[in-house]
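All remarks here apply to the structure that follows.
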Amino acid sequence: MPRPYPRSCAAALLALSLAAAVPVAAAAPVYREFGSWVVACDNTARCEASGAREDATAALYLTREAGPAGALSLVLESDAPLSARSLRLDGHALPLEPAHWQSQEGEVYAHALRSRDAATVRAFVARIRNGDTLQLGDAAGTVALQGLSAALLLLDETQGRLGNATALLRVGPAPASRVPAAPAPPAAPRAVVARHALDAATGQRLIAAVRRSQAALLRREECSATGGSDSFDSADALDDRQALVMIECLRGAYQSSSLLFQVPLDAPGRARRVVLELPFALEGKPYRIDMPTSPDFTGGELGYSAKGRGLADCGESGGWVWDGQAFRLTEFRYLSACRGGSGGNWPVLWRTAGTH
């Protein structure tokens, strides 16, 4: 359900944006849903707003980089071919200037129209933001516009554009130079890679020891008590003294989830559960990944990917690096709204230097 947008917060941020802008040292990731619209901003204040209904055949994607000169891009995508002359807003023709829009292959749907011209994008958004339905063509599907204004306001707020000439919704007199600079992504942690891999016998010994010592936890989590020849249990060296043991716990039709343990090689009975915690709140709450889905550990890097459903049109994924002391987050993607289209196109909420 859409959550109400706090006017007092917007008003306060408007006042701040009119004050002297100070470069932002860090940005808190943002994820919000307004009807069929999703806003996702990462820790560099790069923001995406996307509008698509569940099982839709068309969508609108708006992307904006942070900072005074933050690049602006808008993409219309559809399963069916579309053209700059085929759009209608609430039943009325909404022709676009073909010179400012490029036809291309879509990332989620088959066909797309894109504009990277900031003035063109701002003018287009201003024309549609108070409408109800944007139809991309006779057979090209529609995009519901309810919630777009709230999404635009959140983009302006997150990037410090309220009351600024560069704003998408709350345009004001402040010049672009007053927009806060884009925060730099944190440096990527350096992975510590074990010098020697575990042999098969050692791996099986560690898995069996963890299953014995963690039997009570496995029962509480309703995991299989014994695993089996077809289980996805695994053991990998973290360094010369410790291993990462994964015990498969839940298995569905297209993915399974595991419990993770940091295990001393010389005392596997003292295994310690690994819970991955995000260094930021997600939708206003602390977020923990206590049973990663489809986990993989290779070369000091731990990743997981959890589909919200088989289409993978919603879900989450993350990457961590083992730095010798703990697992450090390098990337996190998240989309809780299942909306059809091709799978895996989940917005980035956290990135480190060198990740895309």
Side-chain angles (χ1 to χ4, degrees), residues 25-29 40 42-46 182-207 209-210 214 231-249 255-268 270-282 286-307 315-334 344 346-356:
D42 68 14
N43 56 322
T44 70
R46 179 185 186 275
R190 181 175 177 272
V192 171
V193 181
R195 292 182 297 174
H196 305 289
L198 298 179
D199 59 71
T202 300
Q204 291 302 313
R205 177 176 60 83
L206 293 175
I207 290 169
V210 170
Q214 301 295 322
S231 74
F232 293 121
D233 293 355
S234 66
D236 296 278
L238 283 174
D239 49 42
D240 294 339
R241 299 175 294 104
Q242 303 174 95
L244 178 69
V245 173
M246 304 185 190
I247 303 295
E248 185 187 21
C249 188
Q255 59 190 5
S256 69
S257 300
S258 301
L259 298 177
L260 276 52
F261 298 91
Q262 189 174 331
V263 184
L265 295 178
D266 60 356
R270 298 208 306 266
R272 180 173 63 86
R273 185 175 181 181
V274 175
V275 175
L276 305 169
E277 299 191 18
L278 298 184
F280 59 90
L282 183 58
Y287 198 74
R288 296 155 46 102
I289 300 96
D290 54 11
M291 194 183 294
T293 300
S294 303
D296 176 75
F297 182 71
T298 306
E301 298 183 1
L302 172 65
Y304 85 102
S305 181
K307 302 175 184 178
E316 62 183 71
S317 63
W320 278 261
V321 160
W322 171 252
D323 70 356
Q325 301 295 324
F327 286 100
R328 309 294 182 188
L329 183 65
T330 58
E331 184 181 58
F332 183 73
R333 295 174 177 267
Y334 182 81
W346 308 331
V348 176
L349 293 185
W350 182 271
R351 69 179 74 235
T352 49
T355 58
H356 301 289

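The CG atom of Leu238 sits 11.5 Å away from atom CD of Gln325, with the distance rounded to the nearest 0.5 Å. To the nearest 0.5 angstrom, Gln242 atom CD is 8.0 Å from Arg272 atom CZ. Rounding to the nearest 0.5 angstrom, the gap separating the CE atom in Met246 from the OG atom in Ser234 is 4.5 Å. Distance check, rounded to the nearest 0.5 Å: CD1 of Ile289 to CZ of Phe327 gives 12.5 Å. Going from atom CG of Asp236 over to atom OG1 of Thr298 covers 7.0 Å, rounded to the nearest 0.5 Å. Atom CZ in Arg333 sits 10.0 Å away from atom OG in Ser305 (nearest 0.5 Å).
By the 4.5 Å heavy-atom criterion applied to side chains, Leu260 and Leu302 are counted as neighbours. Proximity of Leu259 to Gln214: side-chain heavy atoms (C-beta onward) are nowhere separated by under 4.5 Å. Side chains of Glu248 and Asp233 form a contact here, defined as non-hydrogen atoms less than 4.5 Å apart.
For Phe332, there are no ring-ring contact (aromatic ring centres under 6.0 Å, His included) partners at least two apart in sequence or on another chain. Take Asp266 and apply the side-chain contact (heavy atoms from CB on, under 4.5 Å) test, not counting sequence neighbours, and it matches Pro264. Under the ring-ring contact (aromatic ring centres under 6.0 Å, His included) criterion, Phe297 pairs with no residue, sequence neighbours left out.
Summarising the local packing, CZ of Arg273 is surrounded by more than 12 heavy atoms from other residues, nucleotides or ligands at distances under 6.0 Å.
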